[in-house]
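Okay, structure first, notes after.
In this text the structure is predicted, and so the values were computed from the model without any measurement.
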Amino acid sequence: MIGMIGTAGLVLAQATGVHGSLGGLGAGLAAIGAGIGIGQIGGKAVEAIARQPEAISKIQLNMIIAAALVEGVALFAVVVAAFF
């Protein structure tokens, strides 16, 4: 979904000739999306740990990997929105 938002922002920026403001809007949307996604990951991890405390190490590892992947995609979206 973040990719579609970034692509729509790029198309609008090229059509209107306004690159800075729409690029900032795309970067902001990417950051908000990443924040929501990482919040969901953290919340679900806490719920999973509450259900199965003995699996805390596996849950934490998967949570950190998933959060890093979401953050990487968001960073890429911010860079694309800023430079294009």
A48: partners by side chain to side chain contact (heavy atoms under 4.5 Å, CB included), with sequence neighbours left out: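 A48: side chain to side chain contact (heavy atoms under 4.5 Å, CB included) contacts with I59.
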Provide the closest heavy-atom pair for [X] versus [Y] in the form atom of the first, atom of the second, distance.
X	Y	value
G42	M63	CA-SD, 4.1 Å
V78	A30	CG2-CB, 4.0 Å
A74	A34	CB-CB, 3.3 Å

To the closest 0.5 Å, what do you measure between [atom1] ([X]) and [atom2] ([Y])?
X	Y	atom1	atom2	answer
I64	I41	CD1	CD1	11.0 Å
I38	L69	CD1	CG	10.5 Å
Q52	K58	CD	NZ	9.5 Å

Suppose clustering is done on Ile, Leu, Val, Met, Phe, Trp and Tyr with side-chain heavy atoms closer than 4.5 Å. Which residues sit in the same group as V46?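 Taking Ile, Leu, Val, Met, Phe, Trp and Tyr as members, V46 stands alone, with no cluster partners.
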